[in-house]
Amino acid sequence: IHPIAYSRARAAGIWQCRHVTGKRYGVQQTWGYDGRRDVLAATRAALDYLEKLHEEFDDWQLALAAYNWGENGVSRAIAHNRAKRKPTRYENLTMPRETRNYLPKLQAVRNIISNPSSLSFPLEDIPNRPYFTPVSTPEHIDRQVAAQLAAITRDAFRSLNPGTTLPAL
């Protein structure tokens with residue numbers, strides 16, 4: 001998912017965070033900035049939210065399903081199964097197709113990354129170090145000036161700052 005992607009439910013960013021969830025986890029959203037599109041801010045919030053969901057459901061599969069479908073949806077499905085004396089594990093719950101397919105897709109990505117030698121094509125090594133250094137300014141700065149100071153192109157600056165919602169350079 002691209003950092004500026006929006007879902008039908010108005011979730012935004014690479015972790016598809018909704019406005020209310022973002023606010024609950026400290027993601028700033030102002031006229032000129034949407035932290036849900038900021039890779040660092042959104043990732044911190046997504047990890048905090050996943051930890052909270054894991055504490056609530058005590059199961060990573062249910063936590064991931066709740067991240068995708070919403071905690072109320074998963075809670076209702078669990079309550080429904082309990083009322084019918086059915087198992088309440090992930091694989092026993094009735095849920096939307098998108099949510100049902102969410103976990104296998106994540107598992108597939110995990111399997112590929114964990115065992116790239118099983119592929120018919122090589123995965124490029126990605127160094128485990130920051131790609132950029134975040135810099136704060138005491139007040140707003142023109143994006144073109146910021147790109148010049150960083151000695152990068154305007155397009156590179158835009159791609160490294162997807163949370164900025166001000167008009168394009």
Side-chain angles (χ1 to χ4, degrees), residues 1-7 9 11-30 32-71 74 90-91 98-138 140-141 143-166 168-169:
I1 297 216
H2 195 275
I4 61 170
Y6 280 96
S7 74
I14 60 170
W15 303 117
Q16 290 295 281
C17 181
R18 295 190 61 197
H19 175 75
V20 172
T21 306
K23 282 183 72 170
R24 189 181 318 147
Y25 290 91
V27 176
Q28 291 181 9
Q29 294 167 60
T30 66
Y33 173 77
D34 186 345
R36 298 173 304 161
R37 292 171 32 178
D38 181 309
V39 175
L40 296 178
T43 298
R44 280 190 294 274
L47 291 173
D48 289 346
Y49 185 38
L50 279 170
E51 284 180 354
K52 182 262 185 202
L53 291 170
H54 183 258
E55 288 173 14
E56 180 177 342
F57 294 106
D58 197 29
D59 179 281
W60 280 112
Q61 290 181 322
L62 293 175
L64 288 164
Y67 189 95
N68 179 263
W69 184 17
E71 49 207 283
V74 171
Y90 169 83
E91 60 271 8
E98 178 185 319
T99 303
R100 175 66 60 203
N101 294 333
Y102 184 69
L103 224 58
K105 289 176 182 178
L106 287 175
Q107 184 68 45
V109 170
R110 186 190 78 89
N111 292 346
I112 289 168
I113 292 170
S114 299
N115 190 11
S117 63
S118 67
L119 303 173
S120 59
F121 58 90
L123 283 182
E124 201 174 307
D125 281 339
I126 299 173
N128 187 14
R129 65 176 187 272
Y131 179 73
F132 58 85
T133 303
V135 176
S136 296
T137 59
H140 292 290
I141 183 172
R143 291 193 299 166
Q144 181 151 353
V145 171
Q148 289 170 344
L149 291 171
I152 59 176
T153 66
R154 294 182 324 185
D155 287 341
F157 186 84
R158 260 193 298 254
S159 71
L160 289 170
N161 294 277
T164 301
T165 58
L166 297 172
L169 296 172

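- Annotation for R100: atom CZ counts as buried by contact number, over 12 foreign heavy atoms lying within 6.0 Å.
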(message) For N115 and S117: C-alpha separation, side-chain torsions, deciding distance, then whether side chain to side chain donor-acceptor pair (under 3.5 Å) applies.
(response) CA-CA 5 Å; N115 190 11; S117 63; 3.0 Å; yes
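- Here the closest non-hydrogen pair linking A66 and L53 is CB-CD2, 3.9 Å.
- The main-chain N or O of T164 is never found under 3.5 Å from a side-chain atom of N161 such that the two would form a donor-acceptor pair.
- Residues Q144 and R154 form a side-chain contact, since some pair of their non-hydrogen atoms from C-beta on lies under 4.5 Å apart.
- Summarising the geometry of D34 relative to A12, their closest heavy-atom pair is OD2-CB, 4.4 Å, with the distance given to 0.1 Å.
- Looking at every heavy atom in both residues, Q29 comes nearest to R36 through OE1-NE, 3.4 Å.
- A side-chain donor-acceptor contact under 3.5 Å links S114 to the backbone of R110.
- The minimum heavy-atom distance linking G35 with A41 is given by the pair O-CB, 3.8 Å.
- Separating the CG atom in L160 from the CG atom in D155 is a distance of 11.0 Å, to the nearest 0.5 Å.
- In this structure the side chain of R44 reaches within 4.5 angstrom of the side chain of L40, judged on heavy atoms.
- Enclosure of atom CD in E91 by more than 12 non-hydrogen atoms of other residues, nucleotides or ligands within 6.0 angstrom is indicated.
- If you take CG on D48 and OG1 on T43, they are separated by 11.0 Å, rounding to the nearest 0.5 Å.
- For K52, the NZ atom sits in a packed shell: over 12 heavy atoms of surrounding residues, nucleotides or ligands are nearer than 6.0 Å.
- By the 30° and 60° cut-offs, the orientation of the rings of Y102 relative to Y67 is parallel.
- In the displayed structure, Q107 atom CD is contacted under 6.0 Å by more than 12 heavy atoms of other residues, nucleotides or ligands.
- Taken to the nearest 0.5 Å, the CH2 atom of W15 stands 8.5 Å off from the CG atom of L50.
- Distance check, rounded to the nearest 0.5 Å: CD of Q61 to NE2 of H54 gives 10.5 Å.
- Put simply, CD1 on I14 and CG on D38 are 9.0 Å apart, with the number rounded to the nearest 0.5 Å.
- Of all non-hydrogen atoms in V74 and A65, the two that sit nearest each other are CG2-C, 3.8 Å.
- Checking side-chain atoms of S159 against main-chain N and O of A156 turns up a donor-acceptor pair under 3.5 Å.
- In this structure, Y49 OH and E71 CD are separated by 4.0 Å, a value rounded to the nearest 0.5 Å.
- Few gaps surround CG on L123; more than 12 heavy atoms of other groups in view lie less than 6.0 Å from it.
- At distances below 3.5 Å, at least one donor-acceptor pair connects side-chain atoms of R37 with backbone N or O atoms of P162.
- Between the T165 side chain and the G32 main chain, a donor and an acceptor come within less than 3.5 Å of each other.
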